[in-house]
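Pasting a structure here, questions to come.
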Amino acid sequence: MPPSRIEERLKRRTARIGVIGLGYVGLPLATEFAKAGFRVTGFEINARRVQALNAGRSYIQDVPTRDVRALVRTGRLRATTDFDDLKSMDAIDICVPTPLRKTKDPDVSYILAAVREIAPRLKRGQLVVLESTTYPGTTDELVRPLLEHGGRRVGRDFYLAFSPERVDPGNPTFQTHNIPKVVGGVTPACSRAAAALYSAVVSRVVPVSSTQVAEMVKLLENTFRSVNIGLVNEMALMCDKMNIDVWEVIDAAATKPFGFMPFYPGPGLGGHCIPVDPFYLSWKARQSGFEARFIELAGQVNGNMPYHVVQRVREALNSRRRAVRGSRVLVLGVAYKADIDDVRESPSLDILDILQKEGAKVAFCDPYVDSIEHAGRTLHATPFRPSTLRAADCVVIATAHKSFDFGLVAKHAKTIVDSRNALKGRRTRGVFRL
Ligand SMILES: NC(=O)c1ccc[n+]([C@@H]2O[C@H](COP(=O)([O-])OP(=O)(O)OC[C@H]3O[C@@H](n4cnc5c(N)ncnc54)[C@H](O)[C@@H]3O)[C@@H](O)[C@H]2O)c1
């Protein structure tokens, strides 16, 4: 079959690419396309982000401002709140949020809003790819009917595919360009067009037979993480009861050269992916009468970890004849993982919340986060210094940012709850580990 017009335009780099939603996923992707020589337009509802980008400033840690500045200056990257420009795009990538509702049901309203912007402007031959993590069936059951409205046919009048985003914020080794991209189109022509789009910017494209498979791939990956983290968190609680050092167990098990992959216990899950995505899958499975038991169980174990950390804080304070009420507790790290600035769903927020409700005077240090909204007010970060560490009755290591000097923590803190094994080999007296 001869290549379609869009495949030709992608090959010649004359295709114009639109990215809807310029967040942790959309901005790195947009800059990657622009670096590959395409003219890229970001469509964003947040006017402040649009302004920053057009002024050549990055607001995402993994995307250097110097890259954005150079791409904006040469006209290869721009952002807009005007969705009418979608008409002049050859390919459109949707990278909007997919959170959960309070009931833990999927909230696909952002996807629907983005598709409703595209539908009335859809042009013949355009390629639309959904990248937001979502349940299997979303592309075919939700997106496709909206785009086929008015008699258009997918694979003939336009192309539609799903390609999960796998970016790992803060990972210096694997970034958009060298993470293989799974692609599933609604029709073979859709798959070819989407594969042509990503081949221009990523090292390897992995075609799969349908959009449903591509959607499920991402959910398997994230459920795999959630369940294994749940397992190792349960191991940590079990080892605690049996007086066995879980960290030593994991390190020794990890020497097995096959069949074992180390996961580490911690204060709970965070971020926009691992605590959220598996519930998209269990919700959809339930529609088919299937109970996804591993997902629910991992959710319970992981969701309980902040309470376990607080229990450790109680034990630490008790060892100094103190109650939680009135004690000063300093939490180190509120980002959900090391060396990034994202606090979404961070277990540190739960830990601060529980402690504050129990009457502790809470504070936090985080080199990546200036302030958080906590208990109805803005809580500003406390500087990381010996006097701050000394002033606390208990220091909780919640996120092991590399820039924290754990030697100082070991030297100055009165008692420490170490949920990350960050003090390994430094101090044991007055240290309460998971
Ligand atoms: N953050 C990650 O590490 C990660 C990794 C892989 C996949 N994902 C998935 O990618 C998707 C996006 O996540 P993210 O972390 O980039 O979210 P984000 O919140 O960082 O960015 C989303 C952006 O979309 C914008 N937006 C919302 N509705 C819009 C609309 N209708 N039109 C235009 N812009 C709109 C928001 O203003 C925001 O700037 C989610 O489905 C997420 O699960 C995220």
Side-chain angles (χ1 to χ4, degrees), residues 18-32 41-54 57-63 79-86 89 92-100 106-121 128-136 138-139 142-143 146 162-171 174-176 179-182 202 214-215 217-226 269-281 283 335-346:
V19 175
I20 304 185
L22 294 173
Y24 285 95
V25 164
L27 187 57
L29 189 70
T31 51
E32 215 55 63
T41 306
F43 295 85
E44 219 340 303
I45 50 171
N46 180 333
R48 286 221 313 271
R49 291 194 153 179
V50 169
Q51 241 171 15
L53 194 117
N54 288 335
R57 279 198 315 276
S58 171
Y59 44 84
I60 297 284
Q61 203 187 326
D62 283 343
V63 178
T80 180
T81 52
D82 180 1
F83 286 76
D84 261 346
D85 288 358
L86 284 170
M89 301 296 128
I92 301 166
D93 253 310
I94 305 172
C95 305
V96 295
T98 43
L100 288 174
D107 176 0
V108 290
S109 60
Y110 297 88
I111 296 181
L112 291 176
V115 177
R116 286 193 180 117
E117 294 288 358
I118 301 171
R121 302 174 173 102
V128 178
V129 186
L130 179 61
E131 295 223 8
S132 303
T133 308
T134 181
Y135 59 80
T138 308
T139 311
L142 272 188
V143 179
L146 288 172
F162 183 84
S163 179
E165 178 51 60
R166 295 162 134 178
V167 74
D168 179 22
N171 188 326
F174 293 107
Q175 291 177 340
T176 306
I179 302 174
K181 200 93 174 83
V182 171
V202 300
E215 288 159 338
V217 167
K218 174 74 185 176
L219 295 177
L220 169 61
E221 290 167 6
N222 284 0
T223 301
F224 173 84
R225 287 191 59 74
S226 165
L269 299 179
H272 184 33
C273 295
I274 314 293
V276 174
D277 304 346
F279 291 103
Y280 268 67
L281 181 52
W283 177 85
Y336 77 88
K337 68 173 182 175
D339 310 323
I340 65 160
D341 60 5
D342 191 352
V343 300
R344 289 178 296 178
E345 315 284 333
S346 172

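Numbers here simply count residues along the sequence, with the first being 1. Just follow the structure's listing: the first ligand is 1, and inside any ligand the first atom is 1.
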Got an N/O contact under 3.5 Å between Thr133 and ligand 1?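 Among all N and O atoms of Thr133, at least one is under 3.5 Å from an N or O of ligand 1.
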If you have a sec, work out which protein heavy atom is nearest atom 21 (O) of ligand 1 and how many Å separate them, to one decimal?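 Among all protein heavy atoms, the one nearest atom 21 (O) of ligand 1 is Gly23 CA, 3.1 Å.
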Protein contact of atom 24 (O) of ligand 1 - nearest heavy atom, named by residue and atom, plus distance: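 In this structure, atom 24 (O) of ligand 1 has Gly21 CA, 3.3 Å as its nearest protein heavy atom.
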Using a 4.0 Å cut-off to any heavy atom of Arg344, which atoms of ligand 1 qualify?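 Taking each heavy atom of Arg344 in turn, ligand 1 has 1 (N), 15 (O), 17 (O), 18 (P), 19 (O), 20 (O) under 4.0 Å.
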Between Arg166, Glu131, His272, which one has a non-hydrogen atom sitting closest to atom 42 (C) of ligand 1?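 Considering heavy atoms of Arg166, Glu131, His272, the nearest to atom 42 (C) of ligand 1 sits in His272.
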For atom 11 (C) of ligand 1, what's the nearest protein heavy-atom neighbour? Residue, atom name and distance, please.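 Closest protein heavy atom to atom 11 (C) of ligand 1: Val96 O, 3.3 Å.
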Select the closest option to atom 3 (O) of ligand 1 among Ser132, Gly271, Pro169, judged by heavy-atom distance.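 Minimum heavy-atom distance to atom 3 (O) of ligand 1 goes to Pro169.
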Does a side-chain heavy-atom distance below 4.5 Å link Val143 with Phe162?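 The answer is no; the side chains never approach within 4.5 Å.
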Counting each atom of ligand 1 from 1 as listed, which ones have a heavy atom of Tyr110 under 4.0 Å away?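 What qualifies from ligand 1 is 27 (C), 28 (N).
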Among all protein non-hydrogen atoms, which one is nearest to atom 25 (C) of ligand 1, and what is the separation to 0.1 Å?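 For atom 25 (C) of ligand 1, the nearest protein heavy atom is Glu44 OE2, 3.1 Å.
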Short side-chain donor-acceptor distance under 3.5 Å, Thr80 and Asp82: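 No, no side-chain donor-acceptor contact under 3.5 Å.
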Compare all side-chain heavy atoms of Ile94 with those of Ile118 and state whether any distance is below 4.5 angstrom.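 A side-chain contact exists here, since the closest heavy-atom pair is under 4.5 Å.
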Subset of ligand 1 atoms that lie under 4.0 Å from at least one heavy atom of Ile20: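 It comes down to these atoms of ligand 1: 32 (N), 33 (C).
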Going by heavy atoms, is Glu117 under 4.0 Å from ligand 1?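 Glu117: no contact with ligand 1 (<4.0 Å).
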For Glu165 and Glu131, indicate whether the former's side chain and the latter's backbone hold a donor-acceptor pair under 3.5 Å.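 Here the side-chain-to-backbone pair does not exist.
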Side chains of Pro106 and Thr134: does their closest heavy-atom pair fall under 4.5 Å?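 Sidechains of Thr134 and Pro106: no contact.
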Is there side-chain contact between Val182 and Arg166, with at least one heavy-atom pair below 4.5 Å?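 Yes. Closest side-chain heavy atoms under 4.5 Å.
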Under the rule for side-chain hydrogen bond (donor to acceptor under 3.5 Å, both in side chains), what residues qualify as partners of Asp342, not counting sequence neighbours?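 Checked Asp342 against side-chain hydrogen bond (donor to acceptor under 3.5 Å, both in side chains); matches are Arg344.
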What protein heavy atom lies closest to atom 10 (O) of ligand 1? Include the residue and the distance to one decimal.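 For this ligand atom, the closest protein heavy atom is Val25 CG2, 3.4 Å.
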Option set Ala113, Ala47, Cys273, Pro97, criterion heavy-atom distance to atom 27 (C) of ligand 1, minimum: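 That would be Pro97.
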If you count the atoms of ligand 1 from 1 in the order shown, which ones are under 4.0 Å from a heavy atom of Thr98?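 Counting atoms of ligand 1 from 1, those under 4.0 Å from Thr98 are 40 (C), 41 (O), 43 (O).
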Check each atom of ligand 1 against the heavy atoms of Phe83 and keep those under 4.0 Å away; list them by number with element.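 Reading through ligand 1 atom by atom, the close ones are 32 (N), 33 (C).
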Check ligand 1 against Lys218 and write out every atom of the ligand that is under 4.0 Å from a heavy-atom position of the residue.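 Answer, ordered by atom number: 6 (C), 7 (C).
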Residue list, side-chain hydrogen bond (donor to acceptor under 3.5 Å, both in side chains) with Glu117, at least two apart or on another chain: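 Scan of Glu117 (side-chain hydrogen bond (donor to acceptor under 3.5 Å, both in side chains), adjacent residues dropped) gives Arg121.
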What about Arg49: any of its N or O atoms under 3.5 Å from an N or O on ligand 1?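 Between Arg49 and ligand 1 (N or O atoms, distance only) the closest approach is under 3.5 Å.
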Heavy-atom donor-acceptor pair, Glu44 side chain to Ala79 backbone, under 3.5 Å: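 Such a contact is absent between Glu44 side chain and Ala79 backbone.
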When you measure from atom 26 (N) of ligand 1 to every protein heavy atom, which one gives the shortest distance, and what is it?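 Closest protein heavy atom to atom 26 (N) of ligand 1: Ile45 CG1, 3.8 Å.
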If the cut-off is 4.0 Å to any non-hydrogen atom of Phe43, which atoms of ligand 1 fall inside it?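 Those qualifying, in numeric order: 33 (C), 34 (N).
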Whether Asp277 side chain and Leu219 backbone form a donor-acceptor pair below 3.5 Å: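 Answer holds: no.
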Under 4.0 Å from a heavy atom of Cys95: which atoms of ligand 1 are those, numbered in the order shown and with their elements?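 Near Cys95, meaning under 4.0 Å from one of its heavy atoms, ligand 1 has 12 (C), 22 (C).
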Any N or O of Glu165 closer than 3.5 Å to N or O of ligand 1: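 In fact, backbone or side chain, Glu165 has no N or O that close.
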Apply the side chain to side chain contact (heavy atoms under 4.5 Å, CB included) test between Tyr280 and each candidate in Val108, Thr138, Asn222, Thr133; give the one that qualifies.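 Among Val108, Thr138, Asn222, Thr133, the one that satisfies the side chain to side chain contact (heavy atoms under 4.5 Å, CB included) with Tyr280 is Val108.
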Is Asn46 in polar range of ligand 1, meaning some N or O pair under 3.5 Å apart?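 So ligand 1 has no N or O lying under 3.5 Å from an N or O of Asn46.
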